[in-house]
2 protein chains.
Amino acid sequence: MRNRPIPEATVARLPVYLQALLSLAEDRRQMTVSSDELAQMAGVNAAKVRKDLSYLGSYGTRGVGYDVEYLLYQITRELGLTQDLPAAIIGLGNLGRALASFKGFAERGFKISALFDVDDSVVGTNVGRIKVRHLDDLKDIVAEEGVVIGIIATPPAPAQLVAERLADAGIKSILNFAPAVVKVPPDVTVRKVDLSIELQILSFYQQRNQAIATAREASRRLGTSDPSPQARRPH
Amino acid sequence: MRNRPIPEATVARLPVYLQALLSLAEDRRQMTVSSDELAQMAGVNAAKVRKDLSYLGSYGTRGVGYDVEYLLYQITRELGLTQDLPAAIIGLGNLGRALASFKGFAERGFKISALFDVDDSVVGTNVGRIKVRHLDDLKDIVAEEGVVIGIIATPPAPAQLVAERLADAGIKSILNFAPAVVKVPPDVTVRKVDLSIELQILSFYQQRNQAIATAREASRRLGTSDPSPQARRPH
DNA sequence: ACGCGCTTGTGACCTAAATCACAAAGTCTG
DNA sequence: CAGACTTTGTGATTTAGGTCACAAGCGCGT
């Protein structure tokens, strides 16, 4: 199992396990955790947890479980979070400001080390402890500060341009909050987080479940059998 | 193909197509769009677009493509976004405020119609045009305003409690921004958006690609063959 | 009316992920 | 130290999703 490439789906779950393990590590009582407990906390099933962890190596003890601290370290290492990664935020509207002051980043191995905008009324001001710089200085400051992650928090229109500037500055990892698809060179990884897309997905299931409930209600009144016995839900 | 249940993966992409179609609809020049164009705009491949759209029905014309307006309407309808869905935000810290003033929601079929917090220095104040109410009034106001979607933007600790209150108030769709896994009754759908999880996933690939680059560099210097010829990337 | 070029819609195939189920390996108890 | 009990680690199987490739359908020009 060891040395096999880690599936994407597993990578996406590792941070969730990390979250659970951090909360376990806080109250020092529990030194060890079973796949079942971890599964409960992460909201997945136990078999998945075991398979996921087995990709990292055999870090558990049969009959006992996983050592919390040790597993914590191994996942942290696997995710490349043993030292803080410097990140930059581009765009300091409402969302950019919220991200800049979000405590969760520092707690999980990231350091916001530069802020950029193009609006003259924002450039030069401080957000938190950091001065906002002009986008034109991106390349220099990225090099200076050793920034490796770019966070796009602009409106959709300038997102593509910003992505190109980031790629040009040597950034290989981009997190895009702008509601727009950006194209980048093949050696750059982009992840997209779109707030309204998530709501739209919810809306779909909301509507469907409501339709099912209505249909069931109607058929109940008519005395016919249930038109859709198993109403599947996402996840 | 019609009447088959729509795959989850397809549902997750429909909003992306919607986004692309909206931008096409804006400039009135292009009345029709091919699966190939749409694929470009959405950042996926053409076959996937066609298969996805075929789940909704045969809305395309061979040799021509899809009528932009008509497809726009069909996807909107399928997602249940023909009328605005009222949503509530719980927690008005930095993130909650950013969400409350985020324009994208209104543009895509959602209406923020209630805000809640427990902090006395926040309750009673206005954010945007809406007065912040106390969490204890959740159930009443949800009923009054017909809220169907709950957005959790609290710190992790109170997230579970808030989720329970939402479920108790009859909300069936929850979008959770708090970095915590929440448990809800089986008839409630939760989607999680975790900002630091996304960064952690980026970190993993960042590190791996860097490791590959380093290995390649080393082997180049030693004159050996490339240790990992095809460096796969996510997505 | 007919043939050519374009684009859809979809079966067939392939790949990745989830789930199952159980042997292997450990702890604990008397 | 033997036997009962726990929990891991992983092959085998199932399910879901992605990709391929091409026949069917449509518009247009002649």
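Every heavy atom of this structure was used, including side-chain atoms; hydrogens, water molecules and symmetry mates were not. By convention in this document, chain letters (A, B, ...) are assigned in the order of the sequence lines, proteins followed by strands, and residues within each chain are numbered from 1.
Considering only residues two or more places apart in sequence or on other chains, B:Tyr66 meets the side-chain hydrogen bond (donor to acceptor under 3.5 Å, both in side chains) condition with none of them. Judged as a side-chain hydrogen bond (donor to acceptor under 3.5 Å, both in side chains), and not counting sequence neighbours, B:Lys48 has no contacts. Evaluation of the side-chain contact (heavy atoms from CB on, under 4.5 Å) rule for B:Thr82 yields B:Tyr73, B:Thr76, B:Arg77 as partners, not counting sequence neighbours. Residues forming a side-chain contact (heavy atoms from CB on, under 4.5 Å) with A:Ser34 (at least two apart in sequence, or on another chain): A:Asp36, A:Glu37. Scored by the salt bridge (Lys or Arg N to Asp or Glu O under 4.0 Å) test, A:Arg50 finds no partners at all (sequence neighbours excluded). Residues passing the side-chain hydrogen bond (donor to acceptor under 3.5 Å, both in side chains) test with A:Arg29 are A:Asp27, sequence neighbours excluded. Under the ring-ring contact (aromatic ring centres under 6.0 Å, His included) criterion, B:Tyr70 pairs with B:Tyr59, not counting sequence neighbours.
Atom P of nucleotide D:dG18 and atom CD1 of B:Ile6 are separated by 14 Å, given to the nearest angstrom. Put simply, CD on B:Glu8 is 6 Å from P on D:dG17, counting in whole angstrom units. The interatomic distance linking B:Leu53 (CG) with C:dT8 (P) rounds to 9 Å, in whole Å. Atom pair A:Leu71:CG and D:dT7:C1' shows a separation of 15 Å (rounding to whole Å applied). Rounded to an integer number of Å, the gap from OH of B:Tyr55 to P of C:dG9 is 13 Å.
At a cut-off of 3.5 angstrom, the base of C:dT10 holds no donor-acceptor pair with the side chain of B:Lys51.
Regarding contacts with the backbone of C:dT8, a side-chain N or O of B:Ser35 is found under 4.0 angstrom from either OP1 or OP2.
Within residues 19-26 of chain A, no residue is approached by DNA chain D to less than 4.0 Å at the level of any non-hydrogen atom. Only at 4.0 angstrom or more do the heavy atoms of residues 37-49 of chain A sit from any atom of DNA chain D, so none qualifies. The stretch residues 61-70 of chain A touches DNA chain C through A:Arg62, A:Val64, each having a heavy atom under 4.0 angstrom from the strand.
Annotation: side-chain hydrogen bond (donor to acceptor under 3.5 Å, both in side chains) contacts involving residues 156-173 of chain A, sequence neighbours excluded, comprise A:Asp136-A:Arg165, A:Gln160-A:Glu164, A:Lys172-A:Asp187, A:Ser173-B:Gln206.
Side-chain proximity of B:Arg50 to D:dC22, D:dG9, D:dG17: nearest is D:dC22.
End-to-end axis angle of the helix from C:dA1-D:dT30 to C:dG30-D:dC1, from C1' rotation axes over five pairs per end: 10° (rounded to 10 degrees).
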